[in-house]
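Everything below concerns the one structure shown next.
These numbers come from the heavy atoms of this one structure, side chains and all, not from hydrogens, waters or symmetry mates.
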Amino acid sequence: MVDAKGSCPDDSKLDSLIKMVKEMQQHCSCTGNCCGCHKKEPIAFYAAVTKHTTITGSQTIVYDKIYTNLGQAYDSSNGKFRAPVNGLYYFACTQISASGKLHVILMKNNSNLGKGYSVEGGETGSVIGTVQLEEGDVVTVQHNPSTGSQQLHGAEYSTFTGYLITQL
């Protein structure tokens with residue numbers, strides 16, 4: 001109810017509400033509606049192998065030269081990408097054999113996601129896929145253990161990339 005002066009008896013509550021809205025606006029970097037509009041950090045990496053490498057067993061290939069690592073989810077010391085959030089991710093790896101045949105497997109935790117193969121030295125093999133990951137899932141490129149010792153071409157010709165398409 002408004003009195004004759006035009007003021008509301010609960011002006012202090014309205015003032016508190018206005019103050020709270022202004023504080024919320026200061027904490028929001030967006031323009032417009034702030035509910036859920038905060039930008040999420042991008043997650044993307046691109047790395048390459050720098051040295052010719054003999055790979056055996058189910059050895060994880062370590063892509064030691066990082067070009068991009070937004071979100072720091074790829075570890076160039078062990079070749080593992082660890083999903084920082086639940087989401088739909090894209091991965092691609094391309095390998096060149098240094099001599100003879102080369103067989104690789106794109107892995108999610110301990111599961112095979114796809115295989116890549118190159119026929120002779122200097123030939124290229126690749127694996128590309130879109131995968132749903134839970135936070136903490138690990139994606140790697142490994143040597144196919146059933147194929148014996150093989151040579152991976154370095155010199156930044158063998159690469160591994162991935163990125164978050166959308167968070168789920």
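- Atom-to-atom distance recorded for Leu133:CG and Glu135:CD is 11.5 Å, nearest 0.5 angstrom.
- In the displayed structure, Tyr117 atom OH is contacted under 6.0 Å by more than 12 heavy atoms of other residues, nucleotides or ligands.
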Checking side chain to side chain donor-acceptor pair (under 3.5 Å) for the pair Asp75/Ser77: CA distance, chi angles, key distance, verdict? CA-CA 5 Å; Asp75 187 340; Ser77 70; 2.6 Å; yes
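- Under the side-chain hydrogen bond (donor to acceptor under 3.5 Å, both in side chains) criterion, Thr54 pairs with Gln151, not counting sequence neighbours.
- At least one side-chain heavy atom of Val49 sits under 4.5 Å from a side-chain heavy atom of Ile61.
- The side chain to side chain donor-acceptor pair (under 3.5 Å) pairs that include a residue from residues 123-133 number zero, where partners must be two or more places apart or lie in different chains.
- The two atoms that bring Leu164 and Thr166 nearest to each other are CD1-O, 3.3 Å, heavy atoms only.
- Between Leu106 and Val141, the shortest heavy-atom distance links the atoms CD1-CG2, 4.0 Å.
- Scanning both residues, Thr56 and His143, for their nearest heavy atoms gives C-ND1, 3.5 Å.
- A donor-acceptor contact shorter than 3.5 Å links the side chain of Asn69 to the backbone of Tyr74.
- Tracing side-chain contacts under 4.5 Å through hydrophobic residues (I, L, V, M, F, W, Y), one reaches Leu152 starting from Val127; they form part of the same cluster.
- Taking both residues in full, the closest heavy atoms of Ala92 and Ile128 are given as CB-CG1, 3.8 Å, listed atom of the first, atom of the second, then distance.
- Note that the CD atom of Gln142 and the CD1 atom of Ile55 stand 10.5 Å from one another [nearest 0.5 Å].
- Rounding to the nearest 0.5 Å gives a distance of 10.5 Å between CZ of Arg82 and OG1 of Thr140.
- Under the 3.5 Å distance criterion, with hydrogens and angles disregarded, a donor-acceptor pair is assigned to the side chains of Asn144 and Ser146.
- Looking at Thr60 and Asn78, their side chains never come closer than 4.5 Å, going by heavy atoms from C-beta outward.
- Considering only heavy atoms from C-beta on, Ile66 stays 4.5 Å or farther from Thr68 through its side chain.
- Tyr157 and His153 have perpendicular rings, their planes meeting at more than 60° on a 0 to 90° scale where under 30° would count as parallel.
- Using a 4.5 Å cut-off between side-chain heavy atoms of Ile, Leu, Val, Met, Phe, Trp and Tyr, with links allowed through other members, Val138 and Val62 fall into different hydrophobic clusters.
- One distance of note links OG1 of Thr147 with CG of Leu102; it measures 7.5 Å at 0.5 Å rounding.
- For an aromatic pair to be called close, the ring centres must be under 6.0 Å apart, and Phe81 with Phe91 satisfies this.
- Of all heavy-atom pairs spanning Ser118 and Gly125, the tightest one is CB-N, 3.8 Å.
- Both Ile43 and Val139 sit in one connected hydrophobic cluster of ILVMFWY residues. Membership requires side-chain heavy atoms under 4.5 Å apart, directly or through other members.
- Using modelled atom types and a 3.5 Å distance limit, the side chains of Ser76 and Asp64 yield no donor-acceptor pair.
- Partners of His103 according to the side-chain hydrogen bond (donor to acceptor under 3.5 Å, both in side chains) rule, which considers only residues two or more places apart in sequence or in another chain, are Gln150.
- In terms of hydrophobic clustering, with Ile, Leu, Val, Met, Phe, Trp and Tyr side chains grouped at heavy-atom distances under 4.5 Å, Ile105 and Leu113 are assigned to different clusters.
- Taking the side chain as every heavy atom from C-beta outward, Thr50 and Glu156 approach each other to under 4.5 Å.
- One N or O on the side chain of His52 and one on the backbone of Gly154 form a donor-acceptor pair closer than 3.5 Å.
- Below 30°, between 30° and 60°, or above 60°: for Tyr63 and Phe160 the angle between ring planes is between 30° and 60°, a tilted geometry.
- Of the candidates Tyr89, Tyr90, Phe45, Tyr90 is the only one forming a ring-ring contact (aromatic ring centres under 6.0 Å, His included) with Tyr163.
- Contact between Gln95 and Thr159 at its shortest, heavy atoms only, is OE1-O, 3.6 Å.
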